[in-house]
Amino acid sequence: MTADPHATRLAAGSGVPTAGLVPREFLGRPAVEVAPDLLGCVLEHQTAAGLVAAALTEVEAYAGEADPASHAYRGRTRRNAVMYGPPGYAYVYFTYGMHFCMNVVCLPEGTASAVLLRAGRIVAGEGLARHRRLVDGPARDLARGPARLCQALGVDRALDGADLCDPASPLRLRKGAAARSAEETLIRTGPRVGVREGADVPWRFWLDGEPTVSTYRAHVPRRR
DNA sequence: TGCATGATGTTCT
DNA sequence: GAACATCATGCAC
């Protein structure tokens, strides 16, 4: 770990937020504990086209093999392998034939646990985010929903396994201290979205009053 | 504003 | 072959 918290404090005059990256130990806890703490943190993706950053406003916890709604419920596969690795890495998967969703891996290596990033508020690079989204709309919809968040940030399967705690990584997670004061921000919880099993557990967390939070939709069986 | 539905392809059984 | 941690659209109210 070369990251010195003080080294990133002053990006003189750049206008870039100076808060440090989220430390890996912070993420090496159960997903249910990590999830609410991620609210207000900032996910950044640096590409040749530019930087897009989003402050997280909605997340969901997935507990791993004991959680019937988790991708790890049926054990380790090629797809979910990253979830079994060390914390602080991105687990990106493809779903519904056209969308990507992104998780932050929690708990130490050998255990599968993750937090799904469901929504965020774009705080940098809005023009690029808008360009990436195929549909036009209000700013609050740019990253409202897990697949939209990935689309706005340009996150795809190539970033599966990316390190979120490394300043040199294109995909990073910053502490959102500036955006968040625990006393002033109300965190709400409820059932997870779009899952059939385990819908009774209130492991979805969001910031109260945030217009960027996606609306709750229960799982609907698809017609055949 | 709120449902129902089709698009699309990867993964796992 | 079925299910899937979704989204955008179209139509009913």
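These numbers come from a predicted model, not from an experiment. So that the names make sense, note that chain A is the first sequence line, chain B the second, and so on, each numbered from 1.
For the pair A/Arg144 CZ and C/dA8 C1', the computed distance is 13 Å after rounding to whole Å. Regarding A/Leu142, its CG atom lies at a distance of 14 Å from the C1' atom of C/dC7, rounded to whole Å. Straight-line distance from the CG atom of A/Asp136 to the P atom of C/dC7: 17 Å, rounded to whole Å. Following rounding to the nearest Å, A/Asn80 (CG) and C/dA5 (P) show an atom-to-atom distance of 12 Å. A straight line from CE of A/Met98 to C1' of C/dT9 spans 12 Å, rounded to a whole angstrom. For the pair A/Tyr216 OH and B/dG2 P, the computed distance is 15 Å after rounding to whole Å. What separates OH of A/Tyr96 from C1' of C/dA2 is a distance of 13 Å, to the nearest Å. Taking atom CG on A/Asp160 and atom P on B/dT10, their separation rounds to 15 Å, with Å as the unit.
Residue A/His71 places a side-chain atom within donor-acceptor reach of the base of C/dA5, judged by atom type and a 3.5 Å distance cut-off alone. Between the side chain of A/Tyr93 and the base of C/dA5 there is at least one donor-acceptor pair of N/O atoms closer than 3.5 Å.
Looking at A/Gln151 and A/Arg132, their side chains never bring a donor and an acceptor atom within 3.5 Å of each other. No side-chain N or O of A/Ser70 forms a donor-acceptor pair with one of A/Glu65 less than 3.5 Å apart.
The only member of A/Tyr84, A/Phe94, A/Tyr93 that meets ring pair (Phe, Tyr, Trp, His ring centres under 6.0 Å) when paired with A/His71 is A/Tyr93.
Shown here, B/dT8 forms no base pair; nothing in the strands shown gives a Watson-Crick or G-U wobble contact with both key distances under 3.5 Å. Pairing for C/dA5 is absent, judged as Watson-Crick or G-U wobble with the two contacts each under 3.5 Å.
Stacking between A/Tyr62 and C/dA5 is shown: the ring centroid lies under 5.5 Å from the centre of the six-membered base ring, and the planes differ by under 30°.
A sub-4.0 Å separation between OP1 or OP2 of C/dT6 and a side-chain N or O of A/Arg118 is present. OP1 or OP2 of C/dA8 lies within a sub-4.0 Å distance of a side-chain N or O belonging to A/Arg148. Contact check, A/Arg133 against C/dA8: a side-chain N or O comes under 4.0 Å of OP1 or OP2.
Residue contacts for A/Arg192: at a heavy-atom cut-off of 4.0 Å it reaches no nucleic acid atom on any strand shown. Among the atoms of the strands shown, base atoms are found under 4.0 Å from some heavy atom of A/Arg217. Across all strands, A/Ala147 comes closer than 4.0 Å only to sugar-phosphate atoms, never to a base (heavy-atom distances).
A cation-pi geometry, defined here as NZ or CZ lying under 6.0 Å from the six-membered ring centre and within 45° of its normal, does not hold between A/Arg24 and A/Phe26. Stacking of A/Arg192 on the aromatic ring of A/Tyr62 is recorded, both the 6.0 Å distance cut-off and the 45° axial limit being met.
Of the candidate nucleotides B/dT13, B/dT8, B/dT10, B/dT13 has the atom lying nearest to any side-chain atom of A/Arg74.
Place A/His99 and A/Thr77 on DNA chain B by their nearest nucleotides, and A/His99 ends up nearer the 5' end.
Minimum heavy-atom separation, A/Ala53 to A/Val42: CB-CG1, 3.8 Å.
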